[in-house]
Structures are given as structure tokens and as C-alpha cells.
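In this text, all values refer to a predicted model and were calculated from it rather than measured experimentally. By convention in this document, chain letters (A, B, ...) are assigned in the order of the sequence lines, proteins followed by strands, and residues within each chain are numbered from 1.
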Number of protein chains: 2
Amino acid sequence: MEEIRRTKSHGDKSRTRRVRISDLAQALGLTKSTVSRALNGYSDIAPTTRARVAKMAAQMGYAPMPYAQAVRTGRVRALGLVLELDAPDRYGPFLADFLGGITQEASLEGWTLTVSSSSSRSEMEATVTRLLQEHKVDGFILPRTQVDDPRAAFLSAKHVPFVMFGRTDHGRPDAGHSWYDIDNAGAMRAAITRLAAMGHRRIAFVGPPASFNFALLRRDGYREGLAQAGLAHDPVLEIMEVAEREEGAEAARRLLDLPDPPSAILYATDATALGAYDVARERGLEIGRDLSLIGYDGIPEARLVTPPLTTFAVDSHHAGARLAALLIAQLRGTDPAELTELVEAPLRAGGSDGPPRTRE
Amino acid sequence: MEEIRRTKSHGDKSRTRRVRISDLAQALGLTKSTVSRALNGYSDIAPTTRARVAKMAAQMGYAPMPYAQAVRTGRVRALGLVLELDAPDRYGPFLADFLGGITQEASLEGWTLTVSSSSSRSEMEATVTRLLQEHKVDGFILPRTQVDDPRAAFLSAKHVPFVMFGRTDHGRPDAGHSWYDIDNAGAMRAAITRLAAMGHRRIAFVGPPASFNFALLRRDGYREGLAQAGLAHDPVLEIMEVAEREEGAEAARRLLDLPDPPSAILYATDATALGAYDVARERGLEIGRDLSLIGYDGIPEARLVTPPLTTFAVDSHHAGARLAALLIAQLRGTDPAELTELVEAPLRAGGSDGPPRTRE
DNA sequence: TAGGTTTCCGAAACTGGTTTCGTAAAGGCG
DNA sequence: CGCCTTTACGAAACCAGTTTCGGAAACCTA
């Protein structure tokens, strides 16, 4: 660390000086305390004065410096996001959209996003603690909520506002947290309903490792869909622990080699569903006729295969935007228990599903 | 906007009060000005006093509040990153690693990362301007540098420190900017050298649209590699404008249907190289024997195919970390012209390349 | 019209730091 | 040993805001 001589060179502050609240006050013939209260909506300012101040502020391009405000208020208008580096799929191709959604929404309200990362729980706690201690963020967005999420417990204990992407406990009454979630089970039910309406009677399901919360939710939706459609649940047609494209292909081979193979396969993720395309090519099966497929996620590649994969298009951008909006509302005083949103993932029909070829 | 009554409720500040510089000063029997100067390395503090202060600060867990410092210094120890939402590939699977690299390095130095996004140039300028005006960041990291990048020009004009991922002008003397880059051309040369050493004489190249800067760089590397190996450059073997897996497959078909087909194909991106696997399966070709392939990027999926794709593993995490380090160094006063780094992408050998099958 | 309220603004304290400036004490020199 | 520098710290101003408090003027009411 280099020594600092008595007179520290200050860098050239040649950029035109920004307008401060005192400049604004002087221009208006008021004191800065009045201007501050006018701008912050205090009730002891005359409406006419408030309007004058607002107008002049806009005219002079005045914008308060959040850091200076933070010294007094403790709020910096910054949202925090902690990425988990040990996430096996690196958040796939969705991270950019997700971040875009958060930042665009935050930007509209004059907030910003501070991101950090951690590769273990202890590191996460250290990171969060530092961000809070340094007053760099006002609240957190938690992606990838798990059942009984340690982050939620940690932040709750510290009375730090946060919103979760995904609910921690399903069915049970909420713990008063704020969340945004996509109806995974509902999408799977809708897929089964769709396939059953087309005439499919044996529909298989291929899902990710059961350690993922969403894997269980989607599997439950599959089973519920079968029940709704009046179809029996055959355990042979349900394969879990499938994460990669190649594993998805392997699952398809096993299913098609059954004595009574399914006519349709519902994949819990697009990435694994693409493996079925490889198998279809191997075996000369026409997807959408000989074998129907439906995926989930809406990854870009799903549109590019032939025929395009029918899937549920998760809108990461929208998720990010809503999460930001929910957190900002909470930071402005809304009760977190009121800030919950459950949305449906819309179906994006490709050509990968159709009526089963009638056996003759 | 709701009215604020005269006495604003302040939220429950029940969390134990943080130690302030004045607490520290009192505990030491010094004034806060002395403590501040001791902590910031001023030369007019006795070494013994400095040590005493440092020790007590550690003991009491004192950490200055960056926002309060910022009011006076104008520096907030925050790096800015502007994502471009219109990037066609959404930064692929690399964004999480890249962000992880930046934030981990920044965190070590006590800095944080503020990200924002834009979907057009004017939006980018507005976003950057707001971040600067609000003093939310001290400098920027620019991903995806293009030739003659408008962002660099914009920030230069405002005298805002920044580092670029990728050089703007190659060959020409630098404009005094700071950058980090991966030697694209060098990797392609190395690939050709490797294939030539294995005995390949006709090596094709499949590259992305020429509007991408890196596409041209990699193509140049291919050509240089051929020249170094003493091989002729056959324009028929060079296919550009290929971005997706399916297009990569199509390119492979065209090349293999030539009267004198190549024995090896160098793909500028892994995603497109995977298309050649589909073609090999179609035609019963054994990859690594009948057809050699080398890719570039090191995407996760490249390890999972059979045989694994030989590729150049770009280390996004490292790139992020180094960019953060370069920017922080610049913000601490180092001349940006001295802060440049060119790294090689290391080869990650799979089994997709080998000696050509001898024609008989 | 006197007396009590309200309304509305200014003055000043405050936030948590940094930096300038002044000066007492210690050290160097002849 | 006296004078001139250094050394090392304290006092106070400062940064850009917010918030508390007090009081003059305007508004009611009787």
C-alpha cells in the first residue's frame, strides 16, 4: 500500500460539476431543508412550493446522490443477488434474460442491481453479511429456492427483506415470505391433458434428479395429469435422474424398447428432450407422428430442431422483472406476505406432438 | 406517492449498531481524524499509532461504510457491467462463470459488482450516464468488445475508467485502453498445427458470421496455420456464416460431399461442431478416425458427446477475475496502457481428432 | 378583534466518514 | 543551548444530503 502524501491529488474533476441540492435551493430562494422535504413528500410543504421545486429540479436536471442519502437514511436503492457458482447447470442460457429483467425493472424505479457469488453456504453467508454491513444493498433476490432454504432462514433471522424465486413450502400456509413462482405442476398437467386429448394412452415421463425441488413438482404434475385424464400411472414409464441430453436419449431408448412402449414422452427439461431427437434419427422414427414429445423450459435450441419441440416457454425476463418489482414494493413498506405471484408457463407448440399413429 | 407525516417511522433498527469510526477513536483515545488518516495510509501518522489503530480496528470489527466515504471521496468501490440484451447468443452458458470470476476477485479486494443491461446503444448511454451521475460505480467492464466499439468511445470522452474484454484494434498501437483478450487466432493456428502433425492435408474451417469480430480473427488464425504448415488454402474448404448446431451439420454435409473432401474440420465454435456429430451418425462415420474435429469454446456439452470433442477451453471465470483485477488496478491509479493481458486458450483434447484413415 | 390553531418554512443538528490546517512537542544543527 | 525543522496529532471544515425543532404568518373561532 503506497503512502499518501499530505496533499492527495484529487484526480481531474473536470467533468462539469453536478447540481447539488443547495444549488437547487439557491435557485429557488429556499433552503435545502425545504427542498429536501418537498422532494421527499413531507406533508408540511405547501402544494405550490412542492410543484415549484419539482419543476425546477427537472429543469436543472437535479438527481440526488444515493450515497449521500444513504448516509442518513441507510437505504441505497440497490437490490442484491447472490449467484450460486456450484449450480450444476450454470443457470443455462436463462441468466442473461433473468438479469435483464431485474435490471430493466429496477432501472425504471431508479434502483440498481448488485450481484455477488458464492460457492458454498458459508461463503454465501459471509458475502451477504459483508454486503449488508457495508450497506451496499437494501434487500435480496434469491434464485433457485430449495425446500427449507437456508438462505431464507439466514435472512429472516437478520430481518433483511428478500424475495424468492420459487416457494419454499408448498401446500403449507406461507411463512410470510414474498415469492414469485412458475406453476411447474400445472404445466405438466396441461401437457398430459393435451396429449390425452390427442388420443395418447401410454405417456412416459422423464425427469431430473429428485434432489431438485422442481423435479418433484413436475413429476407430481405428470401424475396428477394422468389421474385427471383417467389414465393409469405405470411406474415403468417414469424415469428420473436424467439431466443431460445424452441421458435423455438413453431414457428414450429404454422406453421404446419396452414390450408396450409409450406413444408420447413428456420430458421435464428441453435439454433432455433433445436426446429423443437423436434416438428418433437412429431408429427412423418421425417425431410428431411415430413419437410425440413435449418438453419444458423453452430453450432457444428447441425452436431450431426439426420439427420444433413443443415446450413450455419459461419467461426468465419476466420472472426477473417481477421479482425486482416485488422486492422494491417490499422495501417501500408493503407487507411481504401480500407480495406473492404464481404464473403459468405458456405452451409454445412446435410440431413434436400429434395424434398417435394408429396401430394396425 | 404517499405523504410522509412529520415524524417518519424509521423501521426497527434493532440490529446491533455497527461500530463507527468515532467508536474506534474513542476506544483508542484518539480523534476520528487521526484514525481515518491512520487507516488510509497517510504519512503523518506515527508507525506505532498506525499499528495500534489497525489492531483495534480488527479487534472491534470496524469496517468503514463505503457510502459515507463516497460522499467525500466520490469513490464507492463498485465495478459496473453493462450486459447487452440484444446479444444473439445470450452469452451462452458462460455468463455465470464470468460473473463469478468478476465478483470473486472484486470481493477479495473489498469491491462489488453492479450490473445493468441495455438493448440498444442509446439505452446503454442512458444507463451508463445514470450510474455515473448517481455515483453508483467507479468504472466499467465492457464485455464483447467490437472493432471500433462505441462504448469505449463514449466512456473515453467522459474520462470514465474501463477495461475491455477483447481488443478494439488489432495490430495498431493501442489507444491507451486497458484490455484482456484471449488469443483466438493463436488457438486456431495451434489447431491446424496439431492436425497437420497428425497427417491431415485437407483441413476445412467452419466459422460464424463475419460480422463478429472473433469470427474474422479465428478465420485468420486458420489461414495462418495453413501457411505455417505449408498447406494450400482452398476457398472451397472455408465456410462462414454458420451459427447454430444444425447449420454446422449442414456445413459438414457440404464438405463431405465434395469430390475431394477434407479429412478434418476445424469449427470456430463448439455448438456448430456438435452438428458434425449428427452427420457422422447419419453416415456411419467414426469421429476421430474417419473424420477429425476440433472446436473452440469448451462448452460443457462438448465433454459429454462420444467421443468428447477436442476443443479450446475458454476460461470465463478467469477472464472475469482478471478483468476485475485490471479495472481495480486502474482505479487505484495504474496507467491503463500498462494494464493489458493476452492469454492463450488451452487445448482440451477429447477423442474427436486423430490421424486420418489412410486411403487405399 | 383577541386568542388559539394550522400551515409552512428556516435554522441548525445530524449522518459517517475524509481532508485541510494549525500547532505543540520532539529532533537536528551549529 | 538556542533556533529551525520535522513529526504527529487535534480541531474544525467539509461532503451532499435528511430530519428535528422552533416560530412567524395565516387561518379560524368565539
Side-chain angles (χ1 to χ4, degrees), chain A residues 3-11 13 17-26 28-53 57 60-77 110 133-136, chain B residues 3-11 13 17-26 28-53 57 60-77 110 133-136:
Chain A
E3 290 270 300
I4 298 178
R5 290 260 147 255
R6 187 127 180 192
T7 347
K8 210 172 179 180
S9 84
H10 212 74
K13 274 276 156 91
R17 201 158 174 65
R18 64 198 313 273
V19 307
R20 293 158 305 179
I21 195 171
S22 51
D23 300 329
L24 187 54
Q26 192 172 8
L28 286 160
L30 296 169
T31 60
K32 57 177 190 163
S33 67
T34 303
V35 172
S36 172
R37 296 203 310 280
L39 255 21
N40 289 304
Y42 276 69
S43 58
D44 66 343
I45 299 294
T48 54
T49 306
R50 192 193 307 275
R52 266 183 66 219
V53 171
M60 294 179 66
Y62 170 72
M65 194 163 99
Y67 292 176
Q69 296 179 301
V71 173
R72 194 82 226 265
T73 63
R75 313 291 251 24
V76 285
R77 291 205 302 255
Q133 167 160 304
E134 295 191 344
H135 272 276
K136 286 231 168 178
Chain B
E3 290 270 301
I4 297 178
R5 292 256 147 259
R6 188 128 178 190
T7 350
K8 209 172 180 177
S9 86
H10 213 76
K13 273 276 158 80
R17 200 158 176 65
R18 63 199 314 272
V19 264
R20 294 158 305 179
I21 195 170
S22 50
D23 301 329
L24 187 55
Q26 194 173 6
L28 286 161
L30 296 170
T31 59
K32 57 177 190 165
S33 67
T34 303
V35 172
S36 172
R37 295 203 311 280
L39 256 19
N40 289 303
Y42 275 68
S43 59
D44 64 344
I45 300 293
T48 54
T49 307
R50 191 194 307 275
R52 254 196 344 125
V53 171
M60 295 179 66
Y62 170 73
M65 196 163 95
Y67 292 174
Q69 297 179 300
V71 173
R72 192 84 226 264
T73 63
R75 311 290 250 27
V76 284
R77 292 205 303 256
Q133 168 161 303
E134 295 191 344
H135 271 276
K136 286 232 168 177

Please check if the number of heavy atoms outside B:Q133 that lie under 6.0 Å from its CD is greater than 12.
yes
Ranking C:dC8, C:dA11, D:dG17 by distance to the side chain of A:I21, first place goes to D:dG17
Is there a side-chain contact between B:T34 and the phosphate of D:dC9, meaning an N or O under 4.0 Å from OP1 or OP2?
no
Between atom CZ of A:R77 and atom NZ of B:K136, what is the distance when rounded to the nearest 0.5 Å?
6.0 Å
Out of D:dC9, D:dT18, C:dT18, whichever nucleotide has its closest atom nearest the side chain of A:S36:
D:dT18
Check: A:S33 side chain, C:dA11 base, donor-acceptor under 3.5 Å:
yes
For a quick check of understanding: with a heavy-atom distance under 4.0 Å over all strands, which category does B:S22 fall into, base, sugar-phosphate or nothing?
nothing
In whole angstrom, what separates A:N40's CG from D:dT19's C1'?
10 Å
Between C:dT18, C:dG17, C:dT15, which nucleotide has the shortest distance from any of its atoms to the side chain of B:T73?
C:dT18
Can you tell if the side chain of A:Y62 reaches within under 4.5 Å of the side chain of A:V35, non-hydrogen atoms only?
no
How many Å lie between CG on B:D44 and P on C:dT18, as a whole number?
14 Å
Please evaluate the base of D:dT18 for a donor-acceptor partner in the side chain of A:R72 within a cut-off of under 3.5 Å?
yes
Atom CG of A:L39 and atom P of C:dC9 are separated, to the nearest Å, by 14 Å
N/O (side chain, A:Y62) to phosphate O (OP1/OP2, D:dG17) under 4.0 Å:
yes
Mind checking the NE2-OG1 spacing from B:H135 to B:T73? Nearest 0.5 Å is all I need.
9.0 Å
Closer to the 5' end of DNA chain D via nearest nucleotide, is it B:T48 or B:A68?
B:T48
What is the distance, to the nearest angstrom, from the CZ atom on B:R20 to the C1' atom on C:dC14?
11 Å
Less than 4.0 angstrom between a side-chain N/O of A:Q69 and OP1 or OP2 of D:dG17, yes or no?
no
To the nearest 0.5 angstrom, please state how far the CG atom of A:L28 sits from the OG1 atom of A:T34.
10.0 Å
Calculate the interatomic distance between A:I45 atom CD1 and C:dT6 atom P; express it in whole Å.
19 Å
Given C:dG17, D:dT18, D:dG17, the nucleotide with the shortest approach to the side chain of B:M65:
C:dG17
Quick one: is D:dA16 close enough that its OP1 or OP2 comes under 4.0 Å of any side-chain N or O from A:Y67?
no
Of all the choices, C:dA11, C:dT15, D:dA16, which nucleotide is nearest to the side chain of A:K32 once you look at every atom?
D:dA16
